[in-house]
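Before any comments, here is the structure.
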2 protein chains.
Amino acid sequence: MKEITVKKGQILQRTGDLNNKAYIVKSGLLRSYSIDEKGKEHIFMFGPEGWIISDYLPVGQPCDLFIDVIEDSTIIVIEKTYEEIKKAEVEKLFRRISVLQKRVIMLMSSSAIERYEHFIETYPQIVQRVPQRMIASYLGITPEALSKVKGERITKK
Amino acid sequence: MKEITVKKGQILQRTGDLNNKAYIVKSGLLRSYSIDEKGKEHIFMFGPEGWIISDYLPVGQPCDLFIDVIEDSTIIVIEKTYEEIKKAEVEKLFRRISVLQKRVIMLMSSSAIERYEHFIETYPQIVQRVPQRMIASYLGITPEALSKVKGERITKK
DNA sequence: ACAACTTCTTAATATAGATTAATGCTTGCC
DNA sequence: GGCAAGCATTAATCTATATTAAGAAGTTGT
């Protein structure tokens with residue numbers, strides 16, 4: 001468990017790496033994402049200050065997710081051991097499950113425009129800090145589709 | 001914490017109910033699902049024998065999910081209290097997070113046919129037991145689209 | 001055994017979002 | 001300053017899936 005500073009663009013974890021670390025964000029911004037067979041990125045979550053970013057798979061298995069640095073950041077690296085996990089704050093786990101549950105429901109039942117509305121409500125601080133293409137990736141649409149959605153939102157108002 | 005038997009079709013929990021129960025399935029089959037503004041159901045998860053079905057939101061908040069009974073079942077009802085939650089087996093929570101993480105990645109990066117392939121691999125016992133339209137709802141597609149996908153799968157082989 | 005449902009499938013049409021491509025920004029670099 | 005590279009936007013076309021509709025097959029109740 002050590003504190004490190006990392007530069008924008010640095011990759012902390014790759015798909016296939018042994019899953020044995022978690023990252024607590026003190027300052028800055030991380031993201032985790034997967035890359036599909038076609039080479040397309042899908043952002044799984046953003047990690048601003050105060051969040052923990054990690055691959056929530058059984059420890060020791062190969063990771064599904066990439067984790068990299070969007071803004072210069074200070075982070076605490078935790079070596080995950082089985083014992084460490086047992087000590088994890090249970091409430092945090094429940095919160096994570098709750099967020100994921102909502103995300104699945106949203107991915108299944110909402111259109112691109114509804115997902116975008118929900119995103120800017122939920123993460124107003126992040127909207128300002130990441131490029132459009134990353135927001136599109138988080139929403140599960142292309143940057144072009146996002147651009148269209150935003151245009152429609154403005155003309156409607 | 002009591003054991004009860006419930007009949008097919010019975011609704012155990014509705015959206016908006018106070019979230020304070022969890023259901024352990026001893027035998028039979030439950031499902032949890034949400035209903036969107038258009039009245040469309042989206043199945044969130046199936047609960048065959050051995051599974052726990054619950055709304056994983058903070059205790060005391062209104063539920064997002066419906067839970068109902070697909071096959072006559074015997075279930076154990078747990079009253080969730082904050083203390084009860086603390087005793088929850090942490091490994092089970094991690095497993096749940098891991099499943100959700102994979103589900104989100106899949107919803108974002110896979111086509112209907114890939115999601116169907118994945119589903120029958122992951123839940124071979126459930127495929128046989130639930131009507132097609134519920135599988136479609138779990139996959140996030142319409143029954144019509146699922147029917148097409150299955151047709152294409154067979155002719156390709 | 002029949003009527004009334006519900007489910008599954010097939011087909012025609014419609015649509016959201018993907019793909020492709022072109023254009024005009026910024027931003028960094030020599 | 002000028003050029004190259006990446007990013008956002010717009011538009012044209014394409015495609016997977018939704019929607020609608022209708023019929024066949026299966027199920028349930030009386």
Side-chain angles (χ1 to χ4, degrees), chain A residues 7-9 11 29 31 33-43 68-72 106-120 126-157, chain B residues 7-11 29 31 33-43 46 68-72 106-120 126-157:
Chain A
K7 284 275 175 203
K8 179 176 172 172
I11 295 177
L29 186 58
R31 67 166 173 161
Y33 56 102
S34 68
I35 298 189
D36 66 24
E37 337 74 65
K38 290 178 199 131
K40 200 157 161 188
E41 287 177 10
H42 304 275
I43 294 185
D68 72 9
V69 181
I70 298 180
E71 297 173 0
D72 293 355
M106 220 181 46
L107 281 172
M108 293 207 299
S109 60
S110 310
S111 63
I113 195 161
E114 289 166 323
R115 299 210 291 274
Y116 180 63
E117 299 280 358
H118 186 267
F119 178 75
I120 56 181
I126 290 181
V127 178
Q128 321 296 332
R129 285 161 64 182
V130 303
Q132 296 302 304
R133 79 198 147 77
M134 286 195 189
I135 295 177
S137 170
Y138 180 90
L139 298 176
I141 58 176
T142 59
E144 291 84 355
L146 174 57
S147 191
K148 211 168 169 183
V149 157
K150 292 202 304 180
E152 279 160 20
R153 253 169 61 84
I154 289 160
T155 54
K156 260 183 204 158
K157 284 185 178 165
Chain B
K7 285 273 173 202
K8 178 176 173 173
Q10 192 170 333
I11 295 176
L29 185 58
R31 67 167 174 161
Y33 57 101
S34 67
I35 298 189
D36 65 26
E37 339 74 64
K38 289 176 201 132
K40 201 159 161 186
E41 288 176 10
H42 304 274
I43 294 184
F46 292 106
D68 71 9
V69 181
I70 298 180
E71 297 174 359
D72 294 354
M106 220 181 46
L107 281 172
M108 292 208 299
S109 59
S110 311
S111 63
I113 195 159
E114 289 165 323
R115 299 210 292 276
Y116 180 62
E117 299 279 359
H118 184 268
F119 177 75
I120 55 180
I126 290 181
V127 179
Q128 321 298 332
R129 285 162 63 182
V130 303
Q132 297 301 303
R133 81 197 147 76
M134 287 194 186
I135 295 177
S137 170
Y138 180 91
L139 298 176
I141 59 176
T142 58
E144 292 84 353
L146 174 57
S147 191
K148 210 165 169 184
V149 157
K150 291 202 306 178
E152 279 159 21
R153 253 170 61 83
I154 288 161
T155 54
K156 259 183 204 159
K157 281 186 179 166

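Just so you know, these numbers come straight off a predicted model, no measurement behind them. Letters A, B, ... are given to chains in the order of the sequence lines, protein chains preceding strands, and every chain is numbered from 1.
Regarding A:E152, its CD atom lies at a distance of 12 Å from the C1' atom of C:dT15, rounded to whole Å. One can place CD1 of B:I141 at 14 Å from C1' of C:dC8, the figure rounded to the nearest angstrom. Between the NZ atom of A:K40 and the P atom of C:dA18 there is a distance of 6 Å, rounded to whole Å. Computed from coordinates, the A:L107 CG to D:dT17 P distance equals 15 Å when rounded to whole Å. Between the NZ atom of B:K38 and the C1' atom of D:dT19 there is a distance of 11 Å, given to the nearest Å.
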Quick one: what's the B/S/- string for nucleotides 5-11 of chain D, heavy-atom cutoff under 4.0 Å, read 5' to 3'? --SSSB-
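The nucleotide whose nearest atom lies closest to any side-chain atom of B:S111 is, among D:dT17, C:dT19, C:dG17, D:dT17.
Side-chain atoms of B:I43 and A:M108, non-hydrogen and from C-beta on, never get closer than 4.5 Å to each other. The shortest side-chain heavy-atom distance between B:M134 and B:I70 falls under the 4.5 Å cut-off. Looking at A:H42 and B:L107, their side chains never come closer than 4.5 Å, going by heavy atoms from C-beta outward. With a 4.5 Å cut-off on side-chain heavy atoms, B:P143 and B:Q132 do not count as touching.
Taking the six-membered ring where the residue is Trp, B:F46 and B:Y138 present parallel rings, their angle staying beneath 30° rather than reaching 60°.
The nearest heavy atom of DNA chain D to B:G140 and to B:K8 marks one nucleotide each, and the one closer to the 5' end goes with B:G140.
The CD atom of B:E152 sits 10.0 Å away from atom OG of B:S147, with the distance rounded to the nearest 0.5 Å. Put simply, CD1 on A:I135 and OH on A:Y116 are 5.5 Å apart, with the number rounded to the nearest 0.5 Å. Taken to the nearest 0.5 Å, the CG atom of A:L29 stands 11.0 Å off from the CG atom of A:D72.
The side chain of A:T142 places no N or O atom within less than 4.0 Å of a non-bridging phosphate oxygen (OP1 or OP2) of C:dG17.
End-to-end axis angle of the helix from C:dA1-D:dT30 to C:dC30-D:dG1, from C1' rotation axes over five pairs per end: 40° (rounded to 10 degrees).
No option in A:E114, A:M106, A:R115 other than A:R115 meets the side-chain contact (heavy atoms from CB on, under 4.5 Å) test with A:L139.
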